[in-house]
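Down below is the structure, laid out as structure tokens.
Reminder, nothing fancy here: chain letters follow the sequence lines and each chain counts from 1. Computed from a predicted model, the values in this text were never measured in an experiment.
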Amino acid sequence: MAVTALLIDGIGVDFAGLKAVDNVSIAINEGELRVLLGANGAGKTTLMDLISGKTRSMRGRVFLYDTEITNWPEHAIARAGIGRKFQIPSVFRDLTVRRNLQVASCRNPSVFANLRLGFSAEARQRIDQMLAVIGLEDAAETTAAYLSHGQTQWLEMGLLMIQNAKLILLDEPTAGMTVAETRKTAELIRKMRGQHTILVVEHDMAFVREIAEKITVMHLGQVLAEGSIAAIEANPKVRAAYLGSKGIA
Amino acid sequence: MLFKNHYEPLAYAIFIAAILAAPLVLDEFWLNRFSKYLVFGMLGSAVALSWGYAGILNLGQGLFFGAGAYMLAMSLKLASPTSLQQGSSTPVPDFMLWNAEPGAPTQLCCIVKGSALWLPFQSQWFGVAMGLAVPVVLATVLGSVVFAKRISGTFVSIITLALVLLVRLLIIDAQPLTNGFNGLTDLGSFHIGDFTFDPYGLESYYLIAGLLSLVLVGTRLLISTRAGLILQATRDDEVRARYLGFNVPHYKTFFFVISAAICGVAGMLYVLVSEFASPTFMDLSFSITMVVWAAVGGRASILGACIGAILINMIEAKISETKALVEVWKAIIGLIFVLVVLFLPRGLGGLAHDLCRGLWRRRVSGTSPVGKTGTISHPAA
Ligand SMILES: Nc1ncnc2c1ncn2[C@@H]1O[C@H](COP(=O)(O)OP(=O)(O)O)[C@@H](O)[C@H]1O
Ligand SMILES: [Mg+2]
């Protein structure tokens with residue numbers, strides 16, 4: 001029996017009476033790649049906010065493996081093993097690509113533990129490997145502000161991987177990307193698989209078909225359906241919800 | 001990599017050698033003046049640390065400087081001959097006598113309300129310890145509250161600004177205890193064992209030059225540590241840093257406190273050579289002047305900001321010799337500030353860095369076909 005990496009149990013939050021996320025329960029197995037689908041405003045980003053501690057939940061609980069992390073401070077949730085990529089890419093713009101990765105590779109978060117110079121040979125090697133994985137070897141000494149949109153996204157994913165996050169949350173990682181960049185991102189996500197459990201919000205159905213195993217569909221803050229691509233596409237409730245907007249494809 | 005290029009350690013070495021050699025060419029009067037400029041240089045570096053590296057524009061740096069200054073000045077005031085000749089068993093500052101109620105006992109414990117606070121300052125080392133502890137405690141409390149509440153940017157500047165003005169007001173208001181507006185003057189000398197530091201002497205100069213060198217090298221090393229790197233990361237994107245698991249307020253507070261401690265030390269050293277402490281240390285204009293020094297010298301450079309402070313003060317001293325220009329000076333410095341902000345946002349330090357980097361790259365590319373730094377590449381799709 002597979003181990004559950006993330007367990008969301010009846011979570012919910014209201015914004016001024018609007019149930020942005022309502023009684024959502026999802027279980028994701030270790031090593032799984034789960035795609036979260038839903039129209040704009042369905043509550044996908046808010047769900048990620050609830051998992052990562054950005055928004056405090058009003059109802060329900062979140063577990064990472066056996067640890068309940070409901071409403072912990074953001075940095076504590078991150079240290080527990082959840083890495084998050086934002087919809088708008090965010091990296092340390094004034095630092096070089098290598099330094100960005102160095103920051104993320106610091107294992108001990110405390111100030112005093114980090115009052116030391118340099119990085120171990122092992123850490124340096126890991127950083128070099130990560131540069132290769134995200135395809136930024138030639139840009140290692142480039143200040144992050146000068147990276148292209150796609151490169152910035154890959155660097156941010158690199159930060160999460162080198163941080164050794166157990167669960168990685170990706171919010172629309174291919175938004176605004178060219179076709180070539182999207183393909184490279186799909187490849188990167190496939191590389192993440194296995195080492196990390198992944199929850200990804202994505203609109204691009206071609207992309208979803210390329211990477212997804214299991215899909216959860218959200219609608220008006222609730223889980224509408226869950227299953228394989230084929231099952232989701234055949235699901236009458238999903239079809240009804242998307243009726244008028246030409247189905248999910 | 002510890003240094004951005006090989007010129008940087010060289011620049012530090014040259015600067016330290018220069019200030020150590022300066023007494024060879026300075027007379028007694030200029031030596032005393034120059035030691036004050038070195039103290040200002042220390043303040044410039046402290047601003048660079050907090051503004052350039054932590055992204056905290058503290059407009060109340062004078063609070064920490066003033067706290068350091070007053071704490072040591074209290075001890076030196078009690079060591080002054082004017083305090084020792086009151087015919088009591090404890091030294092009593094002259095101004096307390098003037099402020100005492102008729103019939104009050106001429107003893108430090110009870111001559112004016114609250115004067116017992118001065119009692120431990122009879123030990124000079126208590127004054128020194130407080131000169132460090134008070135800025136550190138103030139900064140720890142202030143930082144913990146402000147940064148934990150995620151107050152940042154302009155709001156931090158406004159809070160620090162309001163705080164320095166408040167403390168300045170309190171000091172002026174507590175006239176019987178602090179000599180208010182007039183500050184603490186007629187101070188005794190600082191001494192270690194039997195040795196007395198003459199404000200105009202070589203020893204005072206070297207004490208300051210030595211401590212400045214220590215502060216420069218120490219701070220530069222500090223920002224090269226992993227913690228320094230993480231600090232710069234929090235400056236660039238606080239949210240990203242938080243979601244990588246760093247407790248951002250801890251990092252900000254830690255470096256804010258270091259910056260405050262440096263200001264406290266600077267305050268004590270300033271008292272040592274200027275022989276007074278005054279509420280003007282907490283004037284808004286002084287704190288803003290420190291920011292100008294750092295901006296001109298380069299807020300992203302610890303050494304640059306220090307040199308900026310020294311240069312501006314030397315120019316000011318030169319200009320003040322011409323009477324007609326004294327009044328114009330404020331306008332000139334304002335103009336320099338505006339020009340630097342507009343055209344040289346990284347200050348003189350940034351300019352020097354770019355020049356050296358250009359030189360370095362030319363030398364490197366002389367031996368290998370590819371420049372090592374700043375290459376922007378785009379991945380093949
Ligand atoms: N901080 C907030 N305050 C008020 N309403 C919000 C807030 N965040 C999200 N919402 C609302 O919650 C709903 C879900 O938004 P979101 O999670 O961003 O959707 P999605 O990411 O699926 O497009 C939307 O109706 C949005 O307007
Ligand atoms: Mg969204």
Heavy-atom distance under 4.5 Å to chain B: side chain of [X], backbone, both or neither?
{"X": "A/Thr96", "result": "neither"}
{"X": "A/Glu156", "result": "side chain"}
{"X": "A/Phe119", "result": "both"}
{"X": "A/Val97", "result": "neither"}
{"X": "A/Ser90", "result": "both"}

**Asked** Heavy atoms, side chains only, cut-off 4.5 Å: are B/Asn247 and A/His75 in contact?
**Response** yes
**Asked** Given the options A/Arg183, A/Gln163, A/Arg116, A/Glu137, which has more heavy-atom pairs under 4.5 Å with chain B than any of the others?
**Response** A/Arg116
**Request:** May I ask you to name which of A/Val91, A/Ile82, A/Val111, A/Leu95 has the most heavy-atom pairs under 4.5 Å with chain B?
**Result:**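 Among A/Val91, A/Ile82, A/Val111, A/Leu95, the one with the most close pairs to chain B is A/Val111.
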**Asked** What pair of heavy atoms forms the shortest contact from A/Leu115 to B/Phe254, and how long is it?
**Response**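 Taking A/Leu115 first and B/Phe254 second, the nearest heavy atoms are CD1-CZ, 3.8 Å.
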**Request:** Specify the closest pair of heavy atoms between B/Gly245 and A/Pro109, including all atoms of both residues, with the distance to one decimal.
**Result:** O-CB, 3.5 Å
**Complete:** Ranked by heavy-atom pairs below 4.5 Å to chain A, first place among B/Ile230, B/Leu229, B/Asp236, B/Leu231 goes to B/Asp236
Reported [atom1]-to-[atom2] distance for the pair [X] and [Y], which is rounded to 0.5 angstrom:
{"X": "A/Ser110", "Y": "B/Tyr251", "atom1": "OG", "atom2": "OH", "result": "6.0 Å"}
{"X": "B/Arg240", "Y": "A/Lys85", "atom1": "CZ", "atom2": "NZ", "result": "8.5 Å"}
{"X": "B/Arg242", "Y": "A/Lys54", "atom1": "CZ", "atom2": "NZ", "result": "10.5 Å"}

[atom1]/[X]: more than 12 non-hydrogen atoms of other groups inside 6.0 Å:
{"X": "B/His250", "atom1": "NE2", "answer": "no"}
{"X": "A/Arg93", "atom1": "CZ", "answer": "no"}
{"X": "A/Ile88", "atom1": "CD1", "answer": "no"}

**Request:** Starting from the C-alpha separation in whole Å, work towards a yes-or-no answer on side-chain contact (heavy atoms from CB on, under 4.5 Å) for B/Gln232 and A/Asp94.
**Result:** CA-CA 8 Å; B/Gln232 294 170 62; A/Asp94 285 344; over 6 Å; no
Under 3.5 Å, side chain of [X] to main-chain N/O of [Y], donor-acceptor pair present?
{"X": "B/Arg226", "Y": "A/Leu117", "answer": "no"}
{"X": "A/Arg79", "Y": "B/Leu244", "answer": "yes"}
{"X": "B/Tyr243", "Y": "A/Phe86", "answer": "no"}

**Request:** Applying side-chain contact (heavy atoms from CB on, under 4.5 Å), run through A/Phe92 and B/Thr234 and close with a yes or a no.
**Result:** CA-CA 8 Å; A/Phe92 306 117; B/Thr234 67; over 6 Å; no
**Prompt:** Hey, are B/Arg150 and A/Glu74 close enough for a salt bridge, meaning a charged N less than 4.0 Å from a carboxylate O?
**Reply:**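 The answer is yes: the pair qualifies as a salt bridge.
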